[in-house]
Amino acid sequence: MRDDAVTDDVPAADPLPADGALAEQLRGRLAELRRELRLGEEQLAGLARQEAVLRQQLLQVAGAVQVLTELVGEPAPGARVAPQQPGPPPRRVVVG
């Protein structure tokens with residue numbers, strides 16, 4: 001990020017005199033704030049990248065859970081299972 005990017009949309013003000021302790025303090029503080037802004041923006045971009053990676057990993061895990069759930073024959077979490085209709089009682093086979 002350019003150092004002057006922060007002030008692009010701020011109307012120009014009367015510049016401070018080139019000399020003087022106050023002007024020097026303000027310039028120092030401005031440089032410090034610009035560094036903090038740049039570091040914060042970099043950190044935010046890094047967090048956005050981490051979020052994208054984590055979302056992708058969660059999608060992959062959710063897909064694997066769905067496939068394995070179907071393979072083992074379990075209903076999916078939150079799925080409604082239709083109640084079983086009562087049928088005839090099981091037959092007993094008598095041998096002998």
Side-chain angles (χ1 to χ4, degrees):
M1 173 179 205
R2 300 181 342 246
D3 278 353
D4 61 343
V6 176
T7 60
D8 283 349
D9 54 354
V10 176
D14 293 333
L16 291 172
D19 55 348
L22 177 60
E24 194 58 36
Q25 284 179 336
L26 293 176
R27 284 187 191 93
R29 181 65 176 140
L30 178 59
E32 185 180 323
L33 289 172
R34 285 178 174 159
R35 276 190 303 274
E36 287 180 28
L37 181 63
R38 180 178 36 82
L39 291 174
E41 288 172 338
E42 290 171 2
Q43 187 176 12
L44 186 60
L47 290 171
R49 284 189 297 273
Q50 286 180 339
E51 180 185 19
V53 168
L54 182 57
R55 285 186 185 278
Q56 183 62 37
Q57 289 172 342
L58 288 174
L59 283 173
Q60 291 172 348
V61 169
V65 166
Q66 181 179 355
V67 168
L68 293 177
T69 298
E70 291 172 6
L71 286 175
V72 298
E74 289 182 9
R80 300 184 76 174
V81 178
Q84 300 233 346
Q85 297 295 325
R91 289 179 159 183
R92 285 207 241 179
V93 178
V94 179
V95 179

Inset, instruction - Step through the shown structure and confirm whether more than 12 heavy atoms of other residues, nucleotides or ligands are within 6.0 Å of CD on Glu36. - result: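 For Glu36, atom CD is crowded (more than 12 foreign heavy atoms under 6.0 Å).
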
Inset, instruction - Kindly compute the distance separating CZ (Arg38) from CG (Leu33), expressed to the nearest 0.5 Å. - result: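 Taking CZ in Arg38 and CG in Leu33, the distance rounds to 12.5 Å.
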
Inset, instruction - Only counting residues at least two apart or in another chain, list the ones meeting side chain to side chain contact (heavy atoms under 4.5 Å, CB included) with Gln66. - result: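 Result, side chain to side chain contact (heavy atoms under 4.5 Å, CB included) vs Gln66: Glu70.
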
Legend entry - side chain to side chain donor-acceptor pair (under 3.5 Å) partners of Glu32, counting only residues at least two apart: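 Partners of Glu32 by the side chain to side chain donor-acceptor pair (under 3.5 Å) criterion, ordered by chain and then number, come out as Arg29.
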
Inset, instruction - Report the residues that fulfil side chain to side chain donor-acceptor pair (under 3.5 Å) with Arg49, sequence neighbours left out, ordered by chain and then residue number. - result: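 Testing Arg49 for side chain to side chain donor-acceptor pair (under 3.5 Å), a comparison that skips the adjacent residues, returns none.
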
Inset, instruction - Starting from the C-alpha separation in whole Å, work towards a yes-or-no answer on side-chain contact (heavy atoms from CB on, under 4.5 Å) for Arg27 and Leu30. - result: CA-CA 5 Å; Arg27 284 187 191 93; Leu30 178 59; 5.6 Å; no

Inset, instruction - Any salt bridge (Lys or Arg N to Asp or Glu O under 4.0 Å) involving residues 56-69? Give me the pairs, sequence neighbours left out, ordered by first then second residue. - result: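 Pairs touching residues 56-69 that pass the test: none.
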
Inset, instruction - Output the rest of the hydrophobic cluster of Val72: all Ile, Leu, Val, Met, Phe, Trp and Tyr residues reachable through side-chain heavy-atom contacts under 4.5 Å, sorted by chain and number. - result: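 Its cluster partners, ordered by chain and number, are none at all.
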
Which pairs of donor and acceptor atoms, one on a side chain in residues 52-63, lie under 3.5 Å apart (sequence neighbours left out)?
| unit_1 | atom_1 | unit_2 | atom_2 | d |
| --- | --- | --- | --- | --- |
| Arg55 | NE | Glu51 | OE2 | 3.3 |
| Arg55 | NH2 | Glu51 | OE2 | 3.0 |

